[in-house]
Amino acid sequence: MKTFFLTRVSAVAVLLTLAGCASSTGGSIYVPIGGEAPRAPELPRAASEPEKPEVWRKSEQPEVSQPAETAPRTTAPSYRDSGDSLSPAALSLVREADNLLRQGDAPAAIARLERAQRIAPRAAEIYFKLSEAYVASDQLGSAEQFTLKGLSLAGNDSSLQRAGWMLLADIRRARGNVAGADQAEARASAL
């Protein structure tokens, strides 16, 4: 009984749906032949309609560059101002070279100082010690060159510069360059 009732209700619903679709106002339905699908008419736009704000996606937003952070200022001078400081290994080699120079073994001292130079290539003290070792081995040309290199790495350390200029004055005087020695002494006394 229940099934019979449900079948009848379903049949009535289908008939009512078909009757609604079949009724029309009497006009024909336009179907284009092989053309474009019909467009829905556009709604008129009001001139004073406020524009919606644009929505920017994260990937479309222009990148804003952040100002580069500046490195914090330190009170310690950079290597350009003062050269490298001696590492413990380099300092140990310089001490060995000093002992060898006191014993009169200049070639062994030079070998130790060249190893120290490879460890700390921007340390002015090593170049001045190398200069002393070359003076001890009577190679004044090399001694002057190493002194000049040490002076270029001494930076703003005035006591180190003064020692270098005095060393250069002694070397130049030993080579017979009195004018150059006087200039070097004048530079040392100006510091």
[X] to [Y] - nearest heavy-atom pair and separation:
X: Leu101; Y: Ala133; result: CD2-CA, 3.9 Å
X: Ala89; Y: Ile119; result: CB-CD1, 4.0 Å
X: Val94; Y: Ala116; result: CG2-CB, 4.3 Å

Problem - Short side-chain to backbone donor-acceptor contact, Ser189 and Ala186, under 3.5 Å - result: yes
Handout entry: Side-chain donor/acceptor of Thr147 to backbone N/O of Ala143, under 3.5 Å
Key = yes
When rounded to the nearest 0.5 angstrom, what is the spacing between [atom1] in [X] and [atom2] in [Y]?
X: Leu151; Y: Arg187; atom1: CG; atom2: CZ; answer: 8.0 Å
X: Arg118; Y: Ile126; atom1: CZ; atom2: CD1; answer: 11.0 Å
X: Gln145; Y: Ile171; atom1: CD; atom2: CD1; answer: 10.0 Å

Fill in the blank from the handout: Sorted by chain and number, sequence neighbours left out, ring-ring contact (aromatic ring centres under 6.0 Å, His included) with Phe128 holds for none
Practice task
Applying ring-ring contact (aromatic ring centres under 6.0 Å, His included), name anything that partners Tyr134, two or more places apart in sequence or on another chain.
Solution key: Phe146
Handout entry: Any residue meeting side chain to side chain contact (heavy atoms under 4.5 Å, CB included) with Ala97, in chain and number order, not counting sequence neighbours
Key = Ala109, Arg112, Leu113
Exercise for the section: Could you check Glu125 against Leu86 for side chain to side chain contact (heavy atoms under 4.5 Å, CB included), going step by step and ending with a plain yes or no? Expected result: CA-CA 8 Å; Glu125 297 91 350; Leu86 290 177; 4.3 Å; yes
What side-chain donor-acceptor pairs closer than 3.5 Å can you find for residues 159-170, not counting sequence neighbours?
{"from": "Ser159", "atom 1": "OG", "to": "Asp157", "atom 2": "OD1", "distance (Å)": "3.0"}
{"from": "Gln161", "atom 1": "NE2", "to": "Gly155", "atom 2": "O", "distance (Å)": "2.2"}
{"from": "Arg162", "atom 1": "NH2", "to": "Leu191", "atom 2": "O", "distance (Å)": "3.2"}

Problem - Pairs flagged by salt bridge (charged side-chain N to carboxylate O under 4.0 Å, His left out) wherever residues 135-153 is involved - sequence neighbours left out - result: Glu144-Arg172, Glu144-Arg175
Handout entry: Flag side-chain contact, heavy atom, 4.5 Å: Gln117 against Arg122
Key = no
Problem - Single-linkage hydrophobic cluster Leu140~Leu148, side-chain heavy atoms < 4.5 angstrom - result: yes
Exercise for the section: Count the heavy atoms of every other residue, nucleotide or ligand shown that sit under 6.0 Å from CZ of Arg173, and state whether that count exceeds 12. Expected result: yes
Practice task
Could you list all the ring-ring contact (aromatic ring centres under 6.0 Å, His included) pairs where at least one residue sits in residues 100-123, not counting sequence neighbours?
Solution key: none
